[in-house]
Protein chains: 2
Amino acid sequence: MLKFKPIKQTRVSEEVAEQLKQSILSGEFRSGDKLPSERELMEEFQVSRVAVREALRFLEKSGFIETRQGASGGAFVIELSFENLTHAFLDLFLADKISIPELCNVRLLIEPEVARLAAENITDEYKKKLNDILELEDEPVKSLSDDIDVKTLAHGVLAEICGNRFLEALVKSLMRVTRKVIEEVNPNTLSMHPAGMHRPIVEAVIRGDAEQAAEAMRKHAIEFGEIMIEMEQKYREELGLDTIKRQRV
Amino acid sequence: MLKFKPIKQTRVSEEVAEQLKQSILSGEFRSGDKLPSERELMEEFQVSRVAVREALRFLEKSGFIETRQGASGGAFVIELSFENLTHAFLDLFLADKISIPELCNVRLLIEPEVARLAAENITDEYKKKLNDILELEDEPVKSLSDDIDVKTLAHGVLAEICGNRFLEALVKSLMRVTRKVIEEVNPNTLSMHPAGMHRPIVEAVIRGDAEQAAEAMRKHAIEFGEIMIEMEQKYREELGLDTIKRQRV
DNA sequence: AATAGTTAAACATTAGACCAATAGTCCTCC
DNA sequence: GGAGGACTATTGGTCTAATGTTTAACTATT
């Protein structure tokens, strides 16, 4: 009894994209390198330029390359970032596959651990940076955007300190999503919480007190979560939507 | 002094994609609906067919639509899944932006909490399902693939029970990445750990014992992490690569 | 020396044609 | 009357060729 393999029907552009992706991942092309021009690729792969372009768009959306127009332009390999992670989170959120409480509870789970690790791995260099952040946070803010920038900074730096790049990417992505949510739901309010609210966390990290850092972050995350949930309920009331049930970890 | 706004230069296909995406997110097109054909969209947007196609490829890659060929084919809106999340994780991994220890440590952080929540939210219906899983795990396995399938099942169901769709998506994505890593690094070994190893976790969840469930999962995650790290080191030795330093949470 | 114009390389977009897959219709031949 | 096959229309997939746009480097002019 012969067993036939099903014909896999793939798009030309997908095969091209796959080969290029492998080339990049294998190190044949490194960050900063320029891929061959569309016309060269077209000859090499023996496909039309349209196919090459679709493949390049795919790689671009995946975050592997960027394309520049004009002379000395082309497709350049770039360092893969966690941009895609952020987009994936954001899309899930926009499509109502994730709610604000669910988002906040995940942050509540992750961020205290990040603070704990940061306290354990803190270096003198980062101590200085954290001190600068404390000063920044005490200054009066001008706009919501600036405010979020500063508030974001503390979490981001802690994530960098924690020594786990995966956690770092997760935290930074979650922060960006949170930011987008705030901007959409509450674009007019200047600030939702008093200045210097990260002080207890940051100070504990600087001291190297892991337990205290985790506990302070936990408190902060809970408080922040409450604010977010309230904010959303008010928003939904304004729009006449159903309010949703609270959920806690 | 007049202030000019810089000309925003966006690709045609991106604008088309953006408008279509908004239409989908706003509910104008729902899951299962068919978007207009490429030729219709081309007339409506007043752009070329190539531009429309690039936009559709983007939406397809983002997980919003799928395209079918032939008569009564076209671009159909589908339910957004966490597929993208998985790809984002996997790409970061393939590009060496995430290591196995980092991955395992994140799982070690998340999964015990999932087990705890599952124990708190367990229903009779899921109790039955978990009992079935226990039976399945006791059976002898035939292939690595089947083995992973079964092992994966327990984690996945717990994630479903936990009541936080974001956590569920994260856990399932992390599992898929883990699976890919195992398949790449250790394609020949049948099983890495004894059958029925999820029993303590699942039983605790069925009992509704949150603390015990979390603790059992923690133990399992640590054990599993050790195995993964060993497996990788052996793999790297075989290939003559540098071994990497252990890292723990 | 600074500015303005020119050119060439590369991506961006368009138009039109043809191929391939698929569902429905119709038609012929038992 | 029914089954199988041929035909057709629709729709995505791909290709070719031409033109537009952007950019950097070069050149000429004042």
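Letters A, B, ... mirror the listed sequences (proteins, then strands); counts begin at 1.
- Side-chain contact check for Val12(B) versus Glu54(B): every heavy-atom pair is 4.5 Å or farther apart.
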Check against side-chain contact (heavy atoms from CB on, under 4.5 Å), Leu134(A) and Asn131(A): CA-CA 5 Å; Leu134(A) 282 179; Asn131(A) 273 314; 4.2 Å; yes

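- Atom NZ in Lys34(A) sits roughly 14 Å away from atom P in dA24(D) (whole-Å rounding).
- Across dT14(C), dG12(D), dA24(D), the shortest atom-to-atom separation from the side chain of Ser72(A) is found for dA24(D).
- Computed from coordinates, the Leu41(B) CG to dT13(C) C1' distance equals 17 Å when rounded to whole Å.
- Out of dA17(C), dT23(D), dC15(D), the shortest distance to the side chain of Ala71(A) is found at dT23(D).
- Taking the ring centroids of Phe89(B) and Phe166(A), they lie under the 6.0 Å cut-off.
- You'll find the side chain of Val171(B) stays beyond 4.5 Å of the side chain of Leu158(B), heavy atoms only.
- Among the protein residues, Val12(A) comes within range of the sugar-phosphate backbone only, with heavy atoms under 4.0 Å from sugar or phosphate atoms but none that close to a base.
- Rounded to whole angstrom, the span from the CZ atom of Phe76(A) across to the P atom of dA10(C) amounts to 10 Å.
- In terms of position along DNA chain D, the nucleotide closest to Ser13(A) lies nearer the 5' end than the nucleotide closest to the other residue of the pair Ser13(A) and Arg39(A).
- The separation between Glu38(A) atom CD and dT22(D) atom P is 16 Å, rounded to whole Å.
- Listed pair Arg57(B) / dG13(D) meets the phosphate criterion, a side-chain N or O lying under 4.0 Å from OP1 or OP2.
- Protein atom CZ of Arg49(A) is 14 Å distant from nucleotide atom P of dA9(C), rounded to whole Å.
- Put simply, CZ on Arg68(A) is 19 Å from P on dA9(C), counting in whole angstrom units.
- When the nearest nucleotides of DNA chain D are assigned to Ser48(A) and Gly70(A) by heavy-atom distance, the more 5′-ward of the two goes with Ser48(A).
- Backbone-only engagement by Arg11(B) is indicated by non-hydrogen atom pairs under 4.0 Å involving sugar-phosphate atoms exclusively.
- Not a single donor-acceptor contact under 3.5 angstrom links the side-chain atoms of Gln69(B) to the base of dT11(D).
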